[in-house]
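To keep things clear, I will list the structure first and then write my remarks on it.
Residue indices begin at 1 and follow the sequence shown. Both ligands and their constituent atoms are indexed starting at 1 by order of listing.
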Amino acid sequence: MGVKLLHLINLKKLSGEQLEEVVDKSIEVKCAPEKYLKVFEGKTLAMVFQKTSTRTRVAFEVGMAQLGGHPLYIDWRTTNFTLTDIYDETQYLSRNVDFILARLMKNSDLQRMAKAACVPVINGCDEKYHPTQAIGDLMTMKEKKGTLKEVKMLYVGIHNNVCNSLIEGCTKTGARITTFTPIINEQSRDNELIENAKKTGLWETTVDLKRAVEEADFIYTDTWIDMEFFKDPSFAREKEDRIKVMQPYQINKELLKDSTGYLMHDMPIHRGYEMSGDLVEDHRSIIYEQSQNRLYSAKAILLKLMEWR
Ligand code: CP
C-alpha cells in the first residue's frame, strides 16, 4: 500500500481498505498457519505491560512465537520505565527490537512512546482505544457473515475504549454500528473520532434498546468498569453507581427473546453484571471463538505492519 504506516495507536491512520486487508489476513493466517511459521525468524516483539492482561498478552506472545520470532514480555513495574522519561527508554528499547506492543494507562504516554520509537508501536489497550481488539472482532464478524458491508452491530454498555475502536472499525469497513451507552467514560472521549464516524452515516446512538436488539446481527457488550479501576477502593462509589444505572440494561435471555443476533464480549466477563451467566455459552454466543481469534488477528497485525514499513 502507498500509505506509510508505522504505528497502530488507534485505527485513524488506516484506510478502510487497509483495515479490511488486516481482517482478511487474519482469516488467511487462521486457515493456513503453516505458511507463516518462520517469517519473523530473528525478529523480536517487545511487549510492555503497565496493566493486567490475559488475551492481549497471550495472543501476541504466542502469535510472535508461532511466526518464528521472539516475544519479550516486559512488566513495566520491573523496569526503569518507572524511573525516567518514557521517551528516552523507548529510544533505547526500539533500537533492540522490531515491534513494540504496549498496554499503558495513558494514551498521551503511548503517543510519546510512538514519537520516540523507530519501530512500529502497537496499542495493546489504553484508556481511549483498543484497536487490536476491534480488528479481531471485525475478523469474527466477517467469518460469520462473509462480509462487513451493511452488517449490523449493536454495542450495549459504557462508551469506553472498546466502544471507540468498534465505532472506528465498523464505520471504516462499511459495517453499521448502533451504540446504547447510558454512561460515557470521560477519559475515553475523542471528539475527532466521533465526528469522523458521523460523516460515514454508519454509526447511530439509540435509546430504544429492545428494537436495536431485534435488528442487530451482532450484540456486543463489555465491562462497566475499566480494568485499572476494578479493584481500586477510590472508585468503589463510582462502581456502585454504575452498577445501579447499567443493571437494567444487562444482556440476558429476556432482552434477547426476539433476537437471532450473535452475542459478543471482548472478555474478561463479569457474569451477572453486563451479561447474565447463562448466556455465555448460549447457542448465540460466539464469545470464546471471538477471543480465540485474537491470536490470528495479532499475527496479521504484525505481518501487515512489517509489510507497510
Ligand atoms: N479483551 C482483552 O483485551 O483481554 P485482556 O484484557 O485479557 O488482554
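- Aromatic ring centres of F60 and F49 lie farther apart than the 6.0 Å criterion allows.
- No side-chain N or O of T206 forms a donor-acceptor pair with one of D208 less than 3.5 Å apart.
- A parallel orientation is assigned to the rings of H270 and F230, their planes being inclined by less than 30° (bins at 30° and 60°).
- Partners of K144 by side chain to side chain contact (heavy atoms under 4.5 Å, CB included), not counting sequence neighbours, listed by chain and number: F218, Y262, I286, E289.
- Ligand 1 is surrounded by S53, T54, R55, T56, R103, H130, Q133, M227, D266, M267, R294, each with at least one heavy atom closer than 4.0 Å.
- Pairs of residues two or more places apart, or lying in two chains, that qualify as salt bridge (charged side-chain N to carboxylate O under 4.0 Å, His left out) and include a residue from residues 169-183 are E150-R176.
- For the side-chain hydrogen bond (donor to acceptor under 3.5 Å, both in side chains) condition, the pairs that include at least one residue of residues 58-73, sequence neighbours left out, are R57-E61, Q66-K299.
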